[in-house]
Amino acid sequence: MTDPKPGCLYIVSTPIGHLDDITLRALRILKEVSVVAAEDTRHTRTLFNHYQIQTPLTSYHDHNKEEKTEILLQRLKEGQSMALVADAGTPGISDPGYYLINRCIQAGIPLSPIPGASAFLAALAVSGLPTDAFLFEGFLPKKRIGRLKHLLALKEEPRTIILYESPHRLVRCLHDLHEAWGDRRAVVAREITKMFEEIVRGKLSLVIATMEGRSIRGEITLVIEGNRSISSMW
């Protein structure tokens, strides 16, 4: 296969922390496409500087996605090749890339995935919880009432459940998980692949005790055991 193809949007996975966690093909695509659409050009510039990538960057984020999508679609229709990157990991997962991807599909523009790092898969792989079936839920509702309602709806879910959470809401979220689901096994994966990587495993009560009272920073993925009374029936 010859890359990059004219008029194609490449969905390029980038490192979630360690800059070495990027594929050779991803580097080549980023160097050879006409333009790279980035969620945060300042963040992506760090990667570009590290690998001496000179390709022009353009911003594509939640606040400009509708207007910017039309501009990017036009450039693709004119035959320019383009790469889409998120701040970290795989575009389209809990980020505005989903909108552009769907508009390209509607417009008949070819897409090509360049696989690589993904925070939730990395966390699942080291969690020690069942990996044969899992449910990725992304970010929970910010307000507690909505969060608890959502969690109670998932209470009987037998599969391993994966969530994203922000540092300042982590402890509150853990308490809500304990209240809604009981004292299940859980894992907090923080700053995966980065200098201060931390993996905390145990029952939710132990994880809460470990995280409470700390100044918590960084990207966080939660992996929680499914309902064992149901999963044991599978």
Side-chain angles (χ1 to χ4, degrees), residues 1-62 65 68 72 75-76 80-101 104 109-127 131 134 136 138-139 162-167 187-199 217-223:
M1 181 182 294
T2 301
D3 293 322
K5 297 186 287 290
C8 181
L9 177 65
Y10 290 86
I11 313 303
V12 181
S13 298
T14 54
I16 58 177
H18 200 298
L19 290 179
D20 287 351
D21 293 334
I22 188 166
T23 68
L24 295 176
R25 186 178 175 216
L27 289 174
R28 181 165 58 80
I29 290 294
L30 292 175
K31 289 178 180 179
E32 296 180 3
V33 292
S34 304
V35 64
V36 175
E39 189 175 2
D40 186 334
T41 55
R42 296 167 300 177
H43 184 92
T44 302
R45 181 64 64 190
T46 301
L47 177 70
F48 275 32
N49 289 341
H50 184 77
Y51 286 106
Q52 300 179 328
I53 299 171
Q54 303 297 323
T55 308
L57 283 167
T58 187
S59 65
Y60 184 82
H61 48 71
D62 264 327
K65 65 184 180 184
K68 198 61 172 284
L72 298 180
R75 296 180 71 168
L76 286 161
Q80 293 189 33
S81 57
M82 188 179 300
L84 173 68
V85 298
D87 280 352
T90 301
I93 300 175
S94 296
D95 71 38
Y98 176 81
Y99 185 82
L100 176 60
I101 290 167
C104 285
I109 290 170
L111 302 172
S112 183
I114 311 297
S118 174
F120 81 83
L121 287 176
L124 177 65
V126 299
S127 69
T131 60
F134 60 89
F136 174 66
F139 286 95
I162 307 170
L163 307 170
Y164 285 159
E165 191 51 274
S166 64
V187 177
V188 172
R190 187 178 68 85
E191 293 288 82
I192 299 174
T193 77
K194 299 179 184 178
M195 182 180 296
F196 298 106
E197 177 179 276
E198 180 181 31
I199 312 292
R217 297 180 181 180
E219 303 293 328
I220 295 169
T221 304
L222 296 171
V223 187

*Identify the heavy atoms of Leu30 and Ala83 that sit nearest to each other, and give their distance.*
CD2-CB, 4.0 Å
*Quick check: does any side chain N or O of Tyr51 sit under 3.5 Å from a backbone N or O of Leu19, one acting as donor and the other as acceptor?*
yes
*asked:* Tell me whether Ser81 contacts the main-chain N or O of Cys8 through its side chain, where contact means a donor paired with an acceptor under 3.5 Å.
replied: no
*In this structure, are over 12 heavy atoms from other groups packed under 6.0 Å from Tyr98 atom OH?*
no
*Between CE on residue Met82 and CD1 on residue Ile29, distance to nearest 0.5 Å*: 13.5 Å
*Pairwise distance CD1(Ile93) to OG(Ser118) - rounded to 0.5 angstrom*: 4.5 Å
*Over 12 non-hydrogen atoms of neighbours within 6.0 angstrom of CD in Glu219*: no
*Would you say the side-chain atoms of His18 pair up with the backbone N or O of Thr193, donor to acceptor, closer than 3.5 Å?*
no
_Within the 4.5 Å heavy-atom criterion, are Phe120 and Ile16 side-chain neighbours or not?_
no
*Separation between CZ of Arg28 and NZ of Lys31, rounded to the nearest 0.5 Å*: 11.0 Å
*Name the orientation class of the two ring planes belonging to Tyr164 and Phe136 (parallel below 30°, tilted from 30 to 60°, perpendicular beyond 60°).*
perpendicular
*Measuring from His50:NE2 to Leu27:CG, what's the distance to the nearest 0.5 Å?*
9.0 Å
*asked:* Would the distance check show the side chain of Asp87 and the main-chain N or O of His43 forming a donor-acceptor pair, the cut-off being under 3.5 Å?
replied: no
*Heavy-atom pair of closest approach, residues Asp3 and Arg25*: OD2-NH2, 2.8 Å
_Minimal non-hydrogen separation, Pro167 against Gly218, with atom names_ = CG-O, 3.0 Å
*asked:* Are Val187 and Leu222 packed together at the side-chain level, in the sense that at least one heavy-atom pair is separated by less than 4.5 angstrom?
replied: no
_Which atom of Ile114 lies closest to which atom of Tyr10, heavy atoms considered_ = CD1-CD2, 3.8 Å
*Identify the residue among Asp95, Leu47, Val36 that makes a side chain to side chain contact (heavy atoms under 4.5 Å, CB included) with Val85.*
Val36
*How far does CG of Leu57 sit from CZ of Phe48, to the nearest 0.5 angstrom?*
4.5 Å
*Short question: side chain of Thr44, backbone of Thr41 - any donor-acceptor pair under 3.5 Å?*
no
*Rounded distance [0.5 Å steps], SG in Cys104 versus CD1 in Ile11*: 7.0 Å
*Taking all non-hydrogen atoms of both residues, which atom of Pro96 and which atom of Glu39 are closest, and how far apart?*
CD-OE2, 3.7 Å
*Examine distances only and state if a side-chain atom of Thr90 and a backbone atom of Ala117 form a donor-acceptor pair shorter than 3.5 Å.*
yes
_Where Ile101 and Gly92 come nearest, the two heavy atoms and their spacing_ = CD1-CA, 4.3 Å
*Criterion salt bridge (Lys or Arg N to Asp or Glu O under 4.0 Å) against Lys194, the qualifying member of Glu198, Glu197, Glu191*: Glu191
*Are any of the side-chain heavy atoms of Val12 and Val33 separated by less than 4.5 Å?*
no
